[in-house]
Amino acid sequence: MGALISFEVKKILGKKSTLVAFFVLFALHIVFVCISGNLGSTYVDGEFYETHYERNKINRANGIVLSGRKIDEELLMEMTEAYQKIDWSTSDYMWTDIYKNEVRKYSDLENRLKSMGLWSNVLSEAIAEKTIDSITIQKMEILRNEMQHQMYDSYELSKQENAFWEKQNSKVEIPFSYEYASFYESMLGGQGIYMVCMLLTFFIAMSMVSVFTEEHNRKTDQLILCARFGRDKLYMAKIVAGGLVVFTVNLLFIITAIVGKSFSYGPEGFEAMIQLLGVYWYPFALSAGETVLIEVGLLFLSSIMVAVFSMVLAEVTRSNVGAMAIVVGGLFLARLVSIPPSWGVLSEFWNYIPINMLKIDEGLTDVRLISIFDMHFTTWQFAPVLYIVLSAIVVWIGSRIYKNYQVSGR
């Protein structure tokens with residue numbers, strides 16, 4: 001078995017299509033995922049101000065100083081008093097020492113508040129009037145509760161689901177604690193794990209579809225299928241070999257993403273609240289680091305599932321191009337078509353598609369639960385089980401088709 005797997009891995013890696021796909025996609029990965037945060041510069045009124053690398057270093061240093069503080073009236077009042085010293089009507093303030101030394105240190109906190117939707121709804125008016133107090137904090141929490149119940153209503157949650165989320169929400173620390181977490185924000189954003197999933201899907205579509213069809217196309221299947229292990233062990237060897245290649249490429253992409261983003265933003269922020277990263281309404285006490293680990297685990301399982309599906313699909317259709325078109329077309333369809341929550345089960349199924357599940361504001365934070373007896377599972381808790389079961393089913397179906405294949409018409 002080891003010899004068969006080794007031989008099949010060498011066959012996959014020895015194909016020009018695999019190598020070309022890998023190097024092209026890895027180059028795109030380096031640009032769009034690993035170093036994108038450092039590319040470019042900031043200009044003020046057409047005059048060079050700083051590079052994005054310099055901006056990231058300054059924001060990191062300022063963010064670390066504020067990390068660990070509660071986002072309460074004391075911190076917000078400090079920020080308000082600093083903001084009052086700046087004339088915001090023009091961009092000239094960016095050149096002043098007051099902005100650089102007293103105001104800019106709050107820029108990442110401001111971005112966190114804007115990502116939570118609180119800036120325009122509550123804080124901008126309070127800051128303008130310099131009226132930061134306990135009432136402002138209460139308004140922020142009321143706004144969050146309203147957003148939560150809007151989500152519950154849009155997903156038409158049952159009483160049991162509402163009760164589950166109310167219990168989980170009671171564990172979320174209020175008021176929020178600020179933590180500098182740009183690394184984790186980037187990993188969970190559109191140029192992080194989500195982008196890795198997209199690139200991996202293209203790699204799988206271009207490299208895995210020929211694992212089974214090569215023998216059919218070269219007319220050597222009649223020799224292989226009549227061999228001692230041609231209909232049994234060879235099938236599993238091909239499946240395992242494809243899974244190993246995808247796992248290795250996946251690991252390489254994730255490692256380089258971590259290294260690149262650590263260089264851009266620094267690794268701080270593992271304990272930051274996930275609510276600070278654009279899903280402030282989410283009623284589950286997760287840290288940014290835990291969320292990244294969950295997404296990485298889902299990425300590995302889902303990419304192997306997609307690889308298995310691609311290999312078996314090509315065997316069923318006897319066509320590399322057809323299988324590739326279905327996989328790539330499915331990827332674009334999943335992202336271009338949005339299924340509203342009112343569509344019930346179809347909408348829920350749609351969010352379990354890997355590219356949707358790995359989007360933090362869609363599948364990962366879908367509040368609909370999978371209930372088994374008295375146990376309730378969130379989407380990110382149930383998805384690993386679903387991906388493993390689907391992979392096993394597809395492997396079994398593929399084995400039936402492969403083992404019963406008859407060579408004819410030669």
Side-chain angles (χ1 to χ4, degrees), residues 1 4-5 8-9 11-12 18 21 196-217 221 224-225 229-251 297-335 345-346 348-358 363 370 377 379-406:
M1 194 65 179
L4 287 174
I5 293 173
E8 290 296 332
V9 168
K11 283 173 61 181
I12 295 173
T18 300
V196 173
C197 177
M198 184 174 294
L199 295 175
L200 276 173
T201 303
F202 282 113
F203 174 78
I204 290 168
M206 289 185 278
S207 62
M208 293 295 112
V209 293
S210 61
V211 170
F212 283 105
T213 57
E214 187 175 27
E215 284 83 8
H216 299 312
N217 294 335
D221 48 1
I224 292 172
L225 295 175
F229 300 126
R231 291 182 182 269
D232 186 10
K233 289 190 175 182
L234 182 60
Y235 173 79
M236 286 308 303
K238 289 178 177 290
I239 292 291
V240 173
L244 284 174
V245 171
V246 170
F247 179 88
T248 303
V249 172
N250 200 340
L251 184 63
L298 291 174
L299 176 65
F300 275 95
L301 290 175
S302 63
S303 61
I304 291 176
M305 178 187 70
V306 174
V308 168
F309 174 78
S310 301
M311 289 185 282
V312 173
L313 181 63
E315 173 65 13
V316 172
T317 60
R318 302 285 189 269
S319 170
N320 294 0
V321 176
M324 186 187 306
I326 291 174
V327 174
V328 174
L331 174 69
F332 281 105
L333 186 66
R335 289 312 310 138
V345 175
L346 179 59
E348 192 169 4
F349 165 78
W350 203 252
N351 276 347
Y352 278 98
I353 296 174
I355 194 67
N356 293 335
M357 176 57 60
L358 293 172
I370 299 297
F377 301 93
T379 55
W380 49 268
Q381 290 172 332
F382 181 72
V385 178
L386 177 64
Y387 294 158
I388 292 172
V389 171
L390 288 178
S391 297
I393 292 174
V394 172
V395 168
W396 180 81
I397 292 174
S399 70
R400 298 298 95 192
I401 295 172
Y402 184 79
K403 292 175 184 179
N404 293 326
Y405 174 75
Q406 296 295 322

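Remember, it's a predicted structure, so these values are computed and weren't measured experimentally.
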For I370 and E348, run side chain to side chain contact (heavy atoms under 4.5 Å, CB included): C-alpha distance rounded to whole Å, both residues' side-chain angles, the deciding distance at 0.1 Å, then the answer. CA-CA 10 Å; I370 299 297; E348 192 169 4; 3.6 Å; yes
Which atom of [X] lies closest to which atom of [Y], heavy atoms considered:
| X | Y | value |
| --- | --- | --- |
| P354 | M305 | CG-CE, 3.8 Å |
| M206 | A21 | CE-CB, 3.9 Å |
| I5 | A241 | O-CB, 4.0 Å |
| A205 | V328 | CB-CG2, 3.6 Å |
| I304 | G243 | CG1-O, 4.4 Å |
| L386 | Y352 | CD2-CD2, 3.7 Å |

Nearest 0.5 Å, please: how far is [atom2] in [Y] from [atom1] in [X]?
| X | Y | atom1 | atom2 | answer |
| --- | --- | --- | --- | --- |
| R335 | I355 | CZ | CD1 | 6.5 Å |
| Y235 | I401 | OH | CD1 | 8.0 Å |
| L299 | M357 | CG | CE | 13.0 Å |
| C197 | L331 | SG | CG | 7.0 Å |
| F382 | Y387 | CZ | OH | 10.5 Å |
| N320 | M208 | CG | CE | 12.0 Å |

Set out, in order, the CA-CA distance, both residues' side-chain angles and the distance that settles side-chain hydrogen bond (donor to acceptor under 3.5 Å, both in side chains) for N250 and S303, then state yes or no. CA-CA 8 Å; N250 200 340; S303 61; 2.9 Å; yes
Side-chain contact, heavy-atom cut-off 4.5 Å: [X] with [Y]?
| X | Y | result |
| --- | --- | --- |
| V245 | V9 | yes |
| L298 | P384 | yes |
| V312 | V395 | no |
| K238 | M311 | no |
| V249 | L200 | yes |
| L251 | F300 | yes |

Results of ring-ring contact (aromatic ring centres under 6.0 Å, His included) for F332 - residues two or more places apart only: F202
With sequence neighbours excluded, what pairs up with W350 under the ring-ring contact (aromatic ring centres under 6.0 Å, His included) test? none
Between L234 and E8, does the side chain to side chain contact (heavy atoms under 4.5 Å, CB included) criterion hold? Intermediate values first, please. CA-CA 9 Å; L234 182 60; E8 290 296 332; 3.5 Å; yes
With side-chain contact (heavy atoms from CB on, under 4.5 Å) as the test, pick out the partner of V394 among V389, V308, V306, I239. V308
Counterpart residues, side chain to side chain donor-acceptor pair (under 3.5 Å), relative to T18 (two or more places apart): none
